Amino acid sequence: MATISGDLSVRDVEYVRHGDRAMMLRFFRPDGPGPFPLVVVLHPGGWAHGDLGQCQKQGEAWAAVGFAVASLDFRQGGDMYPSSLVDINYAIRWLKARAPEFDIDPDRVALSGFSSGGHLAMLAAMRPFDARYTALPVEGADVDATVKCVAAAWPVINPLSRYRHTKNHLSGDAAVRWHEAAPEDYHRPQGIVDNHHLYWADEDEMAEGSPLLALERGETMAMPPALWVQGEGDIVHCYSDPDTDGDETEPERFARRYRDADGDIEILYVDYETKMGPPSFEPMAGFFRKHLE
């Protein structure tokens, strides 16, 4: 794909290959002189579905206000954790190493993601030097995968609690309430559980790959400024962990732990029905502007 529309150019580029499988990124370049700050954005899909095309609206919206944007494909589903993180970490370093080619500033890079992509964005931002995630070298380049900030939209911040929370809604009155609150087919409880089984080896791995539980374990992690955008009334992403007491939601719990670890984070609640549009994209752009310009 290579298009030019108004003040925006878009092209698809292969950034890494696994055997005969090419991993692509879609690069949105604003009009005008660079180097541009870069936002890397990760698509949703329960770690099992979706592709870079799901972030087309975000790429266009953010490029329109002056950011270069790279929407990534990455391994998922049966490739299992941590394959996605390996690709994401590599893509950030690969783009930084090719900053002149893409007319971007390697010192002004942000990371973003939606739903499961939000989980991956937060985990990649907090573990830029994890030896598992840095397994693919970028030849001839001395770069790292650190980012200046991270914006996650309704992230699955705790895969383990989301798995158990969802299992509690598989049948009976609980399933009816779930379907009323989250009517989309891809948010059906059994489908969510199946995605977890496909991507995660077991519950221990879900816990290991949870940014929230990593903070509660006391891991030393990078703590870039963070924004959490959350749709109101979203039972799929905003709930109380069934294994804890009290009414604290997972967004509230994560924000408290992030701040306890000296991180700066804001939670922004937006309308659920219109969340995949300007109500989310515009404040995220403002957040990027604050930390990248």
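None of the values given here were measured: they were computed from a predicted structure.
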(request) Give the C-alpha distance, both sets of side-chain angles, the deciding distance and a yes or no for side-chain contact (heavy atoms from CB on, under 4.5 Å) between Phe287 and Val229. (result) CA-CA 11 Å; Phe287 173 77; Val229 178; over 6 Å; no

With no hydrogens and no angle check, is any side-chain donor or acceptor of [X] less than 3.5 Å from a backbone partner on [Y]?
{"X": "His291", "Y": "Ala226", "value": "no"}
{"X": "Tyr239", "Y": "Arg162", "value": "yes"}
{"X": "Glu60", "Y": "Lys57", "value": "no"}
{"X": "Arg259", "Y": "Ile265", "value": "yes"}
{"X": "Arg93", "Y": "Val143", "value": "no"}
{"X": "Asp103", "Y": "Gly34", "value": "yes"}
{"X": "Arg75", "Y": "Gly78", "value": "no"}
{"X": "Asp271", "Y": "Glu232", "value": "no"}
{"X": "Lys96", "Y": "Ala141", "value": "no"}

Nearest non-hydrogen partners of [X] and [Y], listed with the distance:
{"X": "Cys149", "Y": "Pro224", "result": "CA-CB, 4.0 Å"}
{"X": "Pro279", "Y": "Val270", "result": "O-CG1, 3.5 Å"}
{"X": "Ala145", "Y": "Ile92", "result": "CA-CG2, 3.8 Å"}
{"X": "Pro128", "Y": "Thr134", "result": "O-CG2, 3.4 Å"}

Test item: [X] and [Y] side chains (from C-beta on) under 4.5 Å apart, heavy atoms:
{"X": "Thr244", "Y": "Arg253", "result": "yes"}
{"X": "Asp79", "Y": "His18", "result": "no"}
{"X": "Asp262", "Y": "Met223", "result": "no"}
{"X": "Asp73", "Y": "Arg21", "result": "no"}
{"X": "Trp228", "Y": "Pro155", "result": "yes"}
{"X": "Asp105", "Y": "Leu38", "result": "no"}
{"X": "Trp178", "Y": "Leu170", "result": "no"}
{"X": "Ser112", "Y": "Gln58", "result": "no"}

(message) Less than 4.0 angstrom from a charged side-chain N to a carboxylate O is my criterion; do Glu208 and Arg132 meet it?
(response) yes

(message) So that I can tick it off, tell me whether Arg164 and Asp241 are bridged by a salt bridge, with the cut-off set at under 4.0 angstrom between side-chain N and carboxylate O.
(response) no

Just checking, any donor-acceptor pair under 3.5 angstrom between side chains of [X] and [Y]?
{"X": "Tyr199", "Y": "Ser116", "answer": "no"}
{"X": "Asn158", "Y": "Ser210", "answer": "yes"}
{"X": "Ser115", "Y": "His237", "answer": "yes"}
{"X": "Glu250", "Y": "Ser161", "answer": "yes"}

(request) Among Ile, Leu, Val, Met, Phe, Trp and Tyr joined by side-chain contacts under 4.5 Å, find the other residues sharing a cluster with Phe36 and list them by chain and number. (result) none

(message) Checking Asp107 now: which residues fulfil side chain to side chain donor-acceptor pair (under 3.5 Å) with it, not counting sequence neighbours?
(response) none

(message) I want to check a possible cation-pi pair here: Lys275 against Tyr272, using under 6.0 Å from ring centre and within 45° of the ring axis as the test.
(response) yes

(message) Using 0.5 Å steps for rounding, measure from the CG atom of Asp87 to the CG atom of Leu25.
(response) 11.5 Å

